[in-house]
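One structure is given here, and the rest of the page talks about it.
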Amino acid sequence: MQRTRIKDMLAGETGGTVLLKGWVRTKREAKGFSFLEINDGSCLANVQVVADHTPELLPAMEQVNTGAAVAVEGELVPSPAAGQKWEVRAARLVVYGQADPETFALQKKRHSDEFLRTIAHLRPRTNKYGAMLRVRSEMARAVHEFFQARGFFNVHAPILTGSDCEGAGEMFRVSNLEAEKAARLEPAARAEAEFFGRPAGLTVSGQLEAELMALALGDVYTFGPTFRAENSNTPKHAAEFWMVEPEMAFADLADDMDLAEALVKHLARHALERCEADLALFGAFVDKTLLPTLTNIFAQPFARLTHAEAIRELKASGKSFEFPVHEASDLQTEHERYLCEERFGRPVIVYDYPKEIKAFYMRLNDDGKTVAAMDLLVPRIGELCGGSQREERLDVLTRRMAEVGLPEEPYWWYLDTRRYGSAPHAGFGMGFERLLMLVTGIANIRDVIPFPRTPGHLEF
RNA sequence: UCCCCGGUAGCUCAAUCGGCAGAGCGGGUGGCUGUUAACCACUAGGUUCGCGGUUCAAGUCCGUGCCGGGGAGCCA
């Protein structure tokens, strides 16, 4: 007999014989029978099993505790008691794996996020993390749906890279050499001994490669892991995270902002429509304002203002910020939060930043002072997307590289795209975990990825 | 990396001025009950993060290290 997932079982209108397999959340003993709450991960809801203490069922039932993996065969019938529509009257009970109640870490009570991080191998079996993982999967699907419906191609950027200075952050070194042997070699000899014959690292961004693909396929996006060796210890940074990076040929900054806004709106709406039960859990126990916040995201256009206008808004606010507001500086976290949480009460896109505080590949505006960059800021989290129109003019690009002290040689292939058939193009990066923080209300990036990698943490 | 706060039972926390180490939940045993964060009674459970110091006496004070959280920077 085929097992029935709880999600399908509870959605059905008729009962009948079912085979149910899952993990016991709680066991309640009564006189002559027991109640089991079973969860199989297919949805947030458990199904209640009623098992009489018959000679066939009792021996197995005595082995069952919270956490055990079981199979139950029985009749799905309307429940006579309040609390659930259906329940299963057990005819057969098989225990696949027991869970010793003396040592099993997950209890029926609520656990702190900090504790659950120390048992990341077991936390998917809790309501909150099960819900997060289902939403995560659904959001990944929605990202692909969004782009593919718009004619974007999914391209796979390399994870191993030889580009030493992509500019987005500190890179992890990758080597197959034994550490002791490598340490004894001179730099040149060491590079030669490396697997790739040169220093290698893990990618900090697929953007440059995505640009190459966009200048051939038109509209593309990458969706893959990204690595930053920054010693960042904050609720919104991880050393390994997943990033969505669309890149569009024949597009300018306005197109870029339109795409980012449409993407975030689509994902917020999709979460509300397709993850209703799981989001209700987050709305009830994680962030009471979650559902209004998400609705508000697609209810109205995002605010858009230039960096200079943002500075004026901040100065006119009359607020005393810890960090002074200055025309030549990037916005501080407190500034970002003021703009989207207080001043506008919705997501905000800030664009046209001073060139000094942005990367070399961003397109120089006609004023010669600003670049066509944009940051999409959302309440609570701050920067969700960061992007720009790319500098497509070879002479301007090489001049900018010289200004910031970047050698041209390692970027010969990048510059080649500006020599041959260069075209205006634009794109951005969206941190997938930050999106999940927005959509679930979960406050720490370590809790929206199954096994978070942060400084000093490589367990699991 | 910098600033602030914290580390006590399996978990969440309390312990007054430096003076006998506590509670709830969870576990075990028994009872009761179509129960549903079940309930009632009893019970076991401690290197108070490590090291060093002050003191008659340290969970508590001092120094130091490790770990965790929050804020900042870096950014997605």
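Quantities reported herein were computed from a predicted structural model and do not represent experimental measurements.
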* Which letter, B, S or -, goes with each nucleotide of nucleotides 5-12 of chain B from 5' to 3', with contact meaning a protein heavy atom under 4.0 Å? -> -----BBS
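- Less than 4.0 Å separates RNA chain B from at least one heavy atom of each of the following residues of residues 21-42 of chain A: R28(A), E29(A), A30(A), K31(A), F33(A), F35(A), E37(A).
- Here rA23(B) sits opposite rU12(B) as a Watson-Crick or G-U wobble pair (both hydrogen-bonding atom distances under 3.5 Å).
- A salt bridge is defined here as a Lys NZ or Arg NE, NH1 or NH2 lying under 4.0 Å from an Asp or Glu carboxylate O, and K355(A) with E391(A) fails to meet this definition.
- E245(A) comes within contact range of no nucleotide atom at all, as no heavy-atom separation falls under 4.0 Å.
- Between rG19(B) and rA57(B), the distance separating the two P atoms is 14 Å to the nearest Å.
- Using a 4.0 Å heavy-atom distance criterion, S79(A) is classed as a base contact.
- In this entry rG50(B) has rU64(B) as its Watson-Crick or G-U wobble partner, both defining distances falling under 3.5 Å.
- Residues passing the ring pair (Phe, Tyr, Trp, His ring centres under 6.0 Å) test with H53(A): none are found, sequence neighbours excluded.
- Where L331(A) and C385(A) each meet RNA chain B at their nearest nucleotide, the meeting point lying more 5' is that of L331(A).
- For the pair L291(A)/F282(A), no side-chain contact is recorded, criterion being any heavy-atom separation below 4.5 Å from C-beta on.
- With both ends at atom C1', the span from rG18(B) to rA58(B) equals 7 Å, rounded to whole Å.
- Sequence neighbours left out, the pairs with a member in residues 76-92 of chain A that pass salt bridge (Lys or Arg N to Asp or Glu O under 4.0 Å) are E13(A)-K85(A), E73(A)-R92(A).
- Residue contacts for E240(A): at a heavy-atom cut-off of 4.0 Å it reaches no nucleic acid atom on any strand shown.
- Residue order along RNA chain B, read from the 5' end via each residue's closest nucleotide, puts R117(A) first among R117(A) and E334(A).
- For the P atoms, the distance from rC25(B) to rU43(B) is 15 Å, rounded to whole Å.
- In this structure, E433(A) atom CD and rC75(B) atom C1' are separated by 13 Å, rounded to whole Å.
- The cationic atom of R434(A) (NZ for Lys, CZ for Arg) does not lie both less than 6.0 Å from the six-membered ring centre of F432(A) and within 45° of the ring axis.
- A donor-acceptor pair is defined here as one N or O able to donate and one able to accept, closer than 3.5 Å; no such pair exists between the side chain of E138(A) and the backbone of A271(A).
- Residue contacts for N46(A): at a heavy-atom cut-off of 4.0 Å it reaches no nucleic acid atom on any strand shown.
- rU29(B) and rU16(B) have their P atoms separated by 37 Å, with the value rounded to a whole Å.
- Here F241(A) counts as stacked on rA76(B): its ring centre is under 5.5 angstrom from the base ring centre and the planes meet at under 30°.
- Residue-level contact check: P101(A) touches the backbone only, with heavy atoms under 4.0 Å from sugar-phosphate atoms and none from bases.
- Base pairing of rU1(B): its partner is rA72(B), meeting the Watson-Crick or G-U wobble criterion (both donor-acceptor distances under 3.5 Å).
- Against RNA chain B, the stretch residues 377-384 of chain A makes heavy-atom approaches under 4.0 Å through E383(A), L384(A).
- Using a 4.5 Å heavy-atom threshold, the side chains of Y221(A) and V155(A) count as separate.
- By the 6.0 Å and 45° rule, K358(A) stacks over the aromatic ring of Y353(A).
- The nucleotide rG30(B) finds its pairing partner in rC40(B), both defining distances of the Watson-Crick or G-U wobble pair being shorter than 3.5 Å.
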Quick one: side chains of residues 437-444 of chain A, donor-acceptor pairs under 3.5 Å with protein atoms, not counting sequence neighbours, listed by atom name and distance.
| residue | atom | partner | partner atom | Å |
| --- | --- | --- | --- | --- |
| T440(A) | OG1 | L436(A) | O | 2.7 |
| T440(A) | OG1 | I442(A) | N | 3.2 |
| N444(A) | OD1 | R446(A) | N | 2.9 |
| N444(A) | OD1 | R446(A) | NH1 | 3.1 |

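- R125(A) and N39(A) are not linked by any side-chain donor-acceptor pair at a separation below 3.5 angstrom, with hydrogens and angles left out of the test.
- Geometrically, R400(A) does not engage F360(A) in a cation-pi contact defined by less than 6.0 Å to the ring centre and at most 45° from the axis.
- For the P atoms, the distance linking rG65(B) with rC74(B) amounts to 27 Å, nearest Å.
- Using modelled atom types, one finds no donor on one side chain facing an acceptor on the other under 3.5 Å when comparing Q389(A) with H425(A).
- Taking atom P on both nucleotides, rA44(B) is separated from rG22(B) by 13 Å, rounded to a whole Å.
- When the C1' atom is used for both rG45(B) and rC4(B), the distance is 35 Å, rounded to whole Å.
- The C1' atoms of rG50(B) and rG7(B) are separated by 12 Å, rounded to the nearest whole Å.
- OP1 and OP2 of rG27(B) both lie 4.0 Å or more from every side-chain N or O belonging to N65(A).
- Counted by atom type alone, T289(A) and D287(A) present one or more donor-acceptor pairs between their side chains at under 3.5 Å.
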